[in-house]
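The block underneath contains the structure these notes are about, expressed in structure tokens.
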Amino acid sequence: MSYRVAVVGATGAVGREILKTLAERDFPVREVVALASSRSVGAEVSFGEKSVLKVRSLESFDFKGTDLALFSPGAAISAVHAPRAAAAGCLVIDNTSRFRMEHDVPLVVPEVNPQALKRLGKRGIIANPNCSTIQMVVALKPLHDIARIRRVVVSTYQSVSGAGKEGMDELFNQTRAIYVNDATVPEQFTKTIAFNVIPHIDVFQDDGETKEEWKMAVETRKILDPDIAVIATCVRVPVFVGHAEAVHVEFEAPISVEQATEALRDAPGLQLVDKREDGGYVTPIDAAGEDAVYVSRLRRDATVPHGLAFWCVSDNLRKGAALNAVQIAELAVAQGLLEGRR
Ligand code: 11C
């Protein structure tokens, strides 16, 4: 069996990574359609090593006859076009924040809650979580299975590619401008990102939390356990690709570093790199282009009765977005969810 697949937002950083991942993993495609807004129509994007696709208009595209659509065009565009695609009988995997917290939309990380796909209702939309949530729950799940997590305190170090190609361009141009003494005006970020860090990702909410911080809490609860308390501080750093997180976890029961080490060593999608020596840990540059979620610096947090602390890094465009979406699609194929939708 092979499928007609649409990639929506195909010219963006995540859309391009989705096309690359579909090709690399030999997803069973009969045809791939690259869709984007009208200003990108006619542009070319690569699908694998050999194929080049001409971008077509999302606005005028009829999803009838398309089996699967992977959306990453921005929440406002998904809000309009994802339901339109689903109504045409296409299974939608949406990478934006638009539908994640809706009760009839499964929010899935295949290594953590594949069973959530069973709740896929008539709606026909599956949500891909936020990148910073995905890598954290992949690391938390094997620990939660041992000693139930009560509370997580996390600080993130998020790369500019989380803000798309424009974010990457801004870091590049500002860095260059500073070296040659040119003036720079922040556009994508609220302050200068080159040689700086900015404690602000996504919009502010009434309680002073940013939406990125809120997403990490509510998405973790929906995916892993509704009883886990999460407080996040999300920070943009001058790194092109790869999000890092310092994670502090309080458990309900005792858990030793040895038990945690063993569980993380066997965990799907995760690599433990923790040599406790100079350079014996993973950084975003090491993780860029890789599929795994990496855990390093695992140690006891003696400030709470049952605590652990660790460092977690992953490529936000791959496991944080494209790879997770394609893994959901593979799971959907395995569970027959692409059959008989039309
Ligand atoms: C960032 N995590 O790094 C964001 C990007 O809700 O899907 C993804 C936003 C989202 O800026």
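Read the numbers this way: they start at 1 and go in the same order the structure lists the ligands and their atoms. Just so you know, residue 1 is the first one in the sequence shown, and it goes up from there. Values below: every heavy atom of this structure, side chains too, minus hydrogens, waters and symmetry copies.
A salt bridge links Arg318 and Glu17; the closest N-O separation between the charged side-chain nitrogens and carboxylate oxygens is under 4.0 Å. We find that Arg265 and Glu262 are not joined by a salt bridge, their nearest charged nitrogen and carboxylate oxygen being 4.0 Å or further apart.
At a 4.0 Å cut-off, not a single heavy atom of Asp202 sits close enough to ligand 1 to count as contact.
When each atom of ligand 1 is checked for a heavy atom of His243 under 4.0 Å away, the hits are 3 (O). For ligand 1, the atoms lying closer than 4.0 Å to a non-hydrogen atom of Asn95 are 7 (O). Near Gln158, meaning under 4.0 Å from any of its heavy atoms, are these atoms of ligand 1: 1 (C), 2 (N), 3 (O).
Protein heavy atom at the shortest distance from atom 7 (O) of ligand 1 is Arg100 NH2, 2.6 Å. The nearest heavy-atom contact from the protein to atom 6 (O) of ligand 1 is Lys215 NZ, 2.6 Å. Protein heavy atom in closest approach to atom 8 (C) of ligand 1: Asn130 OD1, 3.4 Å. For atom 5 (C) of ligand 1, the nearest non-hydrogen atom of the protein is Gly162 O, 3.2 Å. At the top of the distance list for atom 11 (O) of ligand 1, counting protein heavy atoms only, stands Arg236 NH2, 2.6 Å.
In this structure, the salt bridge (charged side-chain N to carboxylate O under 4.0 Å, His left out) partners of Asp145, at least two apart in sequence or on a different chain, are Lys141.
Ring geometry for Phe71 versus Phe63: interplanar angle under 30°, hence parallel rather than tilted (30 to 60°). The aromatic rings of Tyr157 and Trp311 sit perpendicular to each other, their planes meeting at more than 60°, with 30° as the lower class boundary.
Looking at ligand 1, you won't find any N or O of Ile201 less than 3.5 Å from one of its N or O atoms. When only interatomic distances are considered, the shortest N/O to N/O separation between Ser159 and ligand 1 does not fall below 3.5 Å.
Atom CZ of Arg299 has more than 12 heavy atoms from other residues, nucleotides or ligands within 6.0 Å.
When atom types are taken as modelled, the side chain of Glu213 and the backbone of Cys234 share a donor-acceptor pair closer than 3.5 angstrom. Counting only distance, with no hydrogens or angles, the side chain of His248 and the backbone of Ala309 share no donor-acceptor pair below 3.5 Å.
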